[in-house]
J.: 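Please find one structure pasted underneath; my questions will follow.
Every chain is numbered from 1, with letters handed out A, B, ... down the list of sequences.
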Amino acid sequence: MIEIKNLKKSYGRFEALKGIDIFLDEGEIYILLGSNGAGKTTLIKILTGLLSPSSGTAKINGKSARNIKDIRAKFGYMPEHPDLYERLTGEEFLHMMGSLKGVEEDRLVEKIHKLSQELEIERDLNKEIGSYSKGMKQKILFINAVINDPPNLILDEPTNSLDPRFSQDIKSRIKDLSSRGKCILMSTHITPVAEDIADRVGIIEKGRLVAEGTVSELKRETDSDNLEQVFIEVVNHA
Amino acid sequence: MILWFVLLTFGGFWLILSMIEFLAELDELLLNPSQGNILFSIFFFFAAKSAAETVEGVLRDRSQKHYFSSPIDSSSIFYSKLLRVWFYNLLLFGIAMSVVLFVIVTWNIELPIDDHFLIMLYLLIILAPFVGFNISILAHLKNKWLKKINAVVAAQMITLTGIILHSRVTFFIQLEYTLLILVGSLLITVFSSRPLYREVWINSSQGTESSALHQKSLRLPRFISKSTRLVAEVEFKRRWRRKQVPGSLAVVVVMGAGLGFIYSSLGPRPDLGLGLGKYFYPSLISMTAFLAGIIHTLIPSLNLFSRDGVKLWCLRTLPSDFKEIATGKALAILLTSPVIILAIALPLPLILDYPLSFVLFSAVSSSIFIFLMSGIGLWAAAKFPNFNESTKGSPDIITMYSMIMLALLLSVIFLAIPFTLLELDPILGVLSVILAADLSALFIIWMFKRSSIVLENMELNF
């Protein structure tokens with residue numbers, strides 16, 4: 001469960017977030033859409049404790065994101081850029097992260113093996129991450145996000161750099177995780193992805209949540225045929 | 001290309017054998033400390049620095065992809081990088097010479113050097129970057145045989161330079177042979193390194209493809225918490241694979257060997273007219289241990305977090321206690337720090353047959369340096385991180401200088417009383433230095449806590 005109330009973030013005079021309110025329940029997929037620099041990543045970083053808010057509250061399972069210790073075991077995070085320890089092998093990285101997230105050794109090994117096999121990177125796990133393509137790094141990030149089976153997932157552009165086949169695969173995994181009660185907050189630029197899997201969509205523009213609702217509600221309100229048109233319509237009038 | 005390397009190898013062997021034969025006939029090989037030793041040490045330092053600069057600043061510079069994907073000729077990229085290393089070396093040499101000149105003029109010191117020494121020095125400073133650059137470029141080739149042949153060629157270049165500088169042949173013969181090596185290095189640079197540069201850059205900047213899973217894994221004792229152990233093991237692996245651990249260990253061992261060399265040159269009680277008397281070696285050992293502490297402990301600790309830079313999200317989103325994470329990071333450096341005691345603090349006092357109290361004092365006081373520097377480094381790493389990617393997390397010069405001064409000040413505070421007591425009563429001196437070591441261990445634990453608080457509240461806006 002994710003709860004964001006009147007969340008603001010300023011850098012000097014620049015207001016990156018101007019009071020955002022979002023509520024996500026268990027089993028819900030909420031997609032954040034927004035132009036470049038609209039504030040999506042800032043919002044996600046506040047939720048994950050990487051940034052602190054100027055005012056307002058961001059809670060994960062009822063615990064404030066300001067107290068990082070309370071929330072860190074409650075979410076899996078996939079950042080926008082695949083910045084990983086390049087001198088570690090994929091397996092070493094996942095093993096370290098999984099162990100530090102408290103996954104038991106036997107279960108961890110089994111899970112790394114299973115997920116890497118499904119995402120077709122098993123044979124590259126013994127290579128240093130520095131030799132991976134961007135798409136392979138994305139897959140490592142996805143495995144890392146779900147490895148400890150957290151109740152909430154915060155995914156920043158998870159299908160970036162993936163080919164259509166794996167993009168489809170990740171989408172179906174996200175749907176599956178949601179059906180198992182996971183609360184998923186995800187940002188993306190790719191409107192067809194959002195249209196495919198979103199329970200609700202929020203459009204952020206210049207630090208404000210300018211539209212929110214199900215895909216069909218948003219289409220109806222803007223008299224649009226698809227989410228891309230909705231996005232353009234909403235952003236142009238924001 | 002292989003033929004070229006084989007020719008170079010055999011040609012080099014032939015050249016070395018010819019020179020040894022020639023010099024042996026003259027019976028003029030000189031192994032005692034001389035201007036040749038000084039020149040060779042300077043040459044070796046600058047060649048090693050160039051090699052390290054080439055790996056860190058050139059080969060691992062990913063931004064070169066923009067050059068390689070542009071219409072710029074790859075030879076131009078190669079020469080610009082070579083010039084960069086060469087220029088940095090000259091710049092460092094210029095700064096060092098300015099300092100030396102300032103000292104000479106201010107204190108009116110007369111150095112026993114002549115024009116020949118200076119000419120050779122300039123020549124070697126020009127030569128050293130080529131040797132270092134070539135070693136780094138060719139050592140990153142994928143073909144193992146080419147790598148080995150390159151190592152042989154590089155060793156020959158360095159050996160030849162050493163032989164020339166240590167021989168008592170006339171200045172002009174030295175000059176001729178040094179120029180010959182310079183031409184040889186230039187030829188290798190132009191004909192071998194240049195065509196291979198693009199391939200080598202790809203090899204070294206894109207990470208290693210070989211399986212590295214079970215290499216250099218630490219097995220730390222179970223009484224250390226799981227999170228700390230995991231972070232320490234991973235950090236150690238990363239530092240090892242970046243060659244930071246072996247490089248730093250090698251520097252400390254060379255410093256220890258340098259102490260041995262000074263002892264073999266000056267004898268057990270040197271009288272240099274400095275009025276130091278019996279304090280000469282204790283002071284030298286302390287200064288060397290302090291310097292080794294800076295190189296091996298303080299500076300690596302200073303960029304523990306900023307080196308991670310954009311990757312810090314990994315640690316920041318973990319449910320582990322940050323104190324355990326910070327401790328694990330510091331532990332990866334502390335684990336290899338006893339080399340300072342083994343290579344610097346112990347050998348010379350044992351060789352000089354100093355009393356056991358001094359031997360113990362020397363070892364324990366070095367551990368104080370290590371604890372203090374690690375603590376200061378860790379705290380400054382969290383408090384003053386430098387996330388500028390172009391510096392690879394290295395602290396800015398003012399921070400580095402301030403932390404070195406702080407380490408010096410704290411070392412004096414921690415060691416002043418024990419040292420005074422050692423003079424009065426050896427047993428009391430040893431006991432007090434052990435107490436000081438305990439306090440420095442408390443200091444580092446306190447610093448673990450402080451840095452973890454700073455790390456926990458750090459804004460990661462990148």
J.: Are there more than 12 heavy atoms of other residues, nucleotides or ligands under 6.0 Å from atom CZ of Phe387(B)?
T.: yes
J.: Under the side-chain contact (heavy atoms from CB on, under 4.5 Å) rule, what do Arg238(B) and Leu88(A) come out as? Steps first, then yes or no, please.
T.: CA-CA 7 Å; Arg238(B) 293 172 66 211; Leu88(A) 294 183; 3.7 Å; yes
J.: Determine whether Glu233(B) and Met96(A) satisfy the following criterion, side-chain contact (heavy atoms from CB on, under 4.5 Å), listing intermediate values before the conclusion.
T.: CA-CA 9 Å; Glu233(B) 284 171 10; Met96(A) 174 191 80; over 6 Å; no
J.: What closest approach, in Å, do Thr317(B) and Tyr77(A) show between heavy atoms, and which atom pair accounts for it?
T.: CG2-CD2, 3.7 Å
J.: What distance do Ser52(A) atom OG and Met458(B) atom CE have between them, rounded to the nearest 0.5 Å?
T.: 12.5 Å
J.: With a cut-off of 6.0 Å (strictly less than), are more than 12 heavy atoms of other residues, nucleotides or ligands near NZ of Lys63(A)?
T.: no
J.: What's the spacing between Lys101(A) NZ and Ser227(B) OG if we round to 0.5 Å?
T.: 13.0 Å
J.: Between atom NZ of Lys45(A) and atom CD of Glu459(B), what is the distance when rounded to the nearest 0.5 Å?
T.: 10.0 Å
J.: Find the distance between NZ (Lys237(B)) and CD (Glu92(A)) and round it off to the nearest 0.5 Å.
T.: 3.5 Å
J.: Within a reach of under 6.0 Å around CD of Glu104(A), are more than 12 heavy atoms found that belong to other residues, nucleotides or ligands?
T.: no
J.: Quick one: pull up CG in Leu100(A) and OG in Ser320(B) and give me the separation to the nearest 0.5 Å.
T.: 4.0 Å
J.: Where on Leu141(A) is there a heavy atom nearer than 4.5 Å to chain B: the side chain, the backbone, both, or neither?
T.: side chain
J.: Determine whether more than 12 heavy atoms belonging to other residues, nucleotides or ligands lie under 6.0 Å from atom CD of Glu199(B).
T.: yes
J.: Got a sec: does the CG of Asp106(A) have more than 12 other heavy atoms crowding it under 6.0 Å?
T.: no
J.: With a 3.5 Å distance limit and no angle check, can you tell me whether Trp313(B) reaches the backbone of Asp83(A) through a side-chain donor-acceptor pair?
T.: yes
J.: Can you establish whether the number of heavy atoms outside His81(A) located under 6.0 Å from its atom NE2 is more than 12?
T.: no
J.: Counting heavy atoms not belonging to Lys226(B), are there more than 12 under 6.0 Å from its NZ?
T.: yes
J.: Where do Thr89(A) and Arg241(B) come nearest, in terms of heavy atoms and distance?
T.: N-NH1, 4.1 Å
J.: Should Val234(B) and Phe93(A) be marked as a side-chain contact (heavy atoms from CB on, under 4.5 Å) after you check the CA-CA gap, both sets of side-chain angles, and the distance that decides it?
T.: CA-CA 8 Å; Val234(B) 163; Phe93(A) 177 77; over 6 Å; no
J.: Heavy-atom distances under 4.5 Å only: say whether Asp124(A) touches chain B with side chain, backbone, both or neither.
T.: neither
J.: Distance from Leu318(B) atom CG to Met97(A) atom CE, nearest 0.5 Å?
T.: 4.0 Å
